[in-house]
Amino acid sequence: MADERVIVVTGGGTGIGEATARLLRAEGHRVVVSGRRAEPLRRLAEETGALACPADAGDPDAAEELVRATLSAHGRLDGLVLNAGIGRGGAVGDMSLRDWDEVMRTNVTGPLLLLRAAIPHLLESRGSVVAVASVSALRNGTSNAPYATSKAALLQLCRSVAVDYGRQGVRANIVCPGWVRTEMADRRMARFAEEADLPGGGVEAAYAEATGVVPAGRPGEPREIAEAIGWLLSPAASYVNGAVLTVDGGATAVDPGTLAFDFRITPRSGEDSTASR
């Protein structure tokens, strides 16, 4: 196809990354998926024809090898989806420094390493980058310092690419999802359901509670985020650069100061509510 592109998707084995890889393959693009776990990548490759390259996002050698493997297989690189990420919680005064270092290494240093390896080839192809941040990059919750800080840093890292390389034809944009049904979010919801002793219990009750004040009234699905990513990568978004697109069902449009008019808001004493999206 005339618009066929070669795109690397990190964190591509599950969730938003998997949905993005499937969408791009369905549109006829050549896709390279990377992630720490080999088995989900292998399964995705078998089902879609994507190229699987297991790698640790925070390893400098792995970033270089991922770009080399892409060029060896496809001869060019047109786009990056910086989706690999982990969530860890904690307030500034009591968070684990080990968690802080791990989150920063995966969520910030990993994208930086891959960008550094990829920039010469993106300049050649006048390519596009999309970083998957979070509404936590824009709004914060309790005991969320490592995750929120890392996603805010990722946002500005991607905007730096937009500013530094925009005149040379490279675009870089950011999507900020709210709660989306992914493995990571499911694990957080399972903990939340247990901590809060929600009526009915379980992950579904936790999602319902967490999205009760979201205008859409539900969590997002990975495919919905993938559609936004696919558009930002495409020529249809040719004049979109350095943009931050919230894909959150309207969560960041809500004024917290008016919530009490429609909801009875009471704190859950003693609970750490880490918002890892």
Using modelled atom types only, decide if a donor and an acceptor are shared between the side chain of N144 and the backbone of G89 within a distance under 3.5 Å. no
I'd like to know if the side chain of N173 and the backbone of A243 have a donor-acceptor N/O pair within less than 3.5 Å. yes
With R22, which residues qualify under salt bridge (charged side-chain N to carboxylate O under 4.0 Å, His left out), at least two apart? E18, E47
Pairs in or reaching into [range]: which pass salt bridge (Lys or Arg N to Asp or Glu O under 4.0 Å), with residues at least two apart or in two chains?
range            : value
residues 222-234 : R218-E224, R223-E227
residues 108-137 : none
residues 154-180 : none

Show me the donor-acceptor pairs, under 3.5 Å and distance only, between side chains in residues 250-260 and residues at least two apart or in other chains.
unit_1: T252; atom_1: OG1; unit_2: D248; atom_2: OD2; d: 2.7
unit_1: D255; atom_1: OD1; unit_2: G257; atom_2: N; d: 2.9
unit_1: T258; atom_1: OG1; unit_2: D255; atom_2: O; d: 2.9

With a 3.5 Å cut-off and sequence neighbours excluded, list the donor-acceptor pairs that the side chains of residues 60-67 form with protein atoms.
unit_1: E65; atom_1: OE1; unit_2: R68; atom_2: NE; d: 3.3
unit_1: E65; atom_1: OE1; unit_2: R68; atom_2: NH2; d: 3.1

Rest of the hydrophobic cluster containing I174 (Ile/Leu/Val/Met/Phe/Trp/Tyr, side-chain heavy atoms under 4.5 Å)?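 Once heavy-atom contacts under 4.5 Å are chained together, I174 belongs with L138, L155, V244.
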Members other than M95 in its cluster, when Ile, Leu, Val, Met, Phe, Trp, Tyr link by side-chain heavy atoms under 4.5 Å? W100, M104, V108
Partners passing side chain to side chain contact (heavy atoms under 4.5 Å, CB included) against [X] (at least two apart in sequence or in another chain):
X    : value
A19  : P222, A226
E183 : T14, R37, R187
A50  : R25, V31, V33, T48
A206 : M189, F192, A193, L198

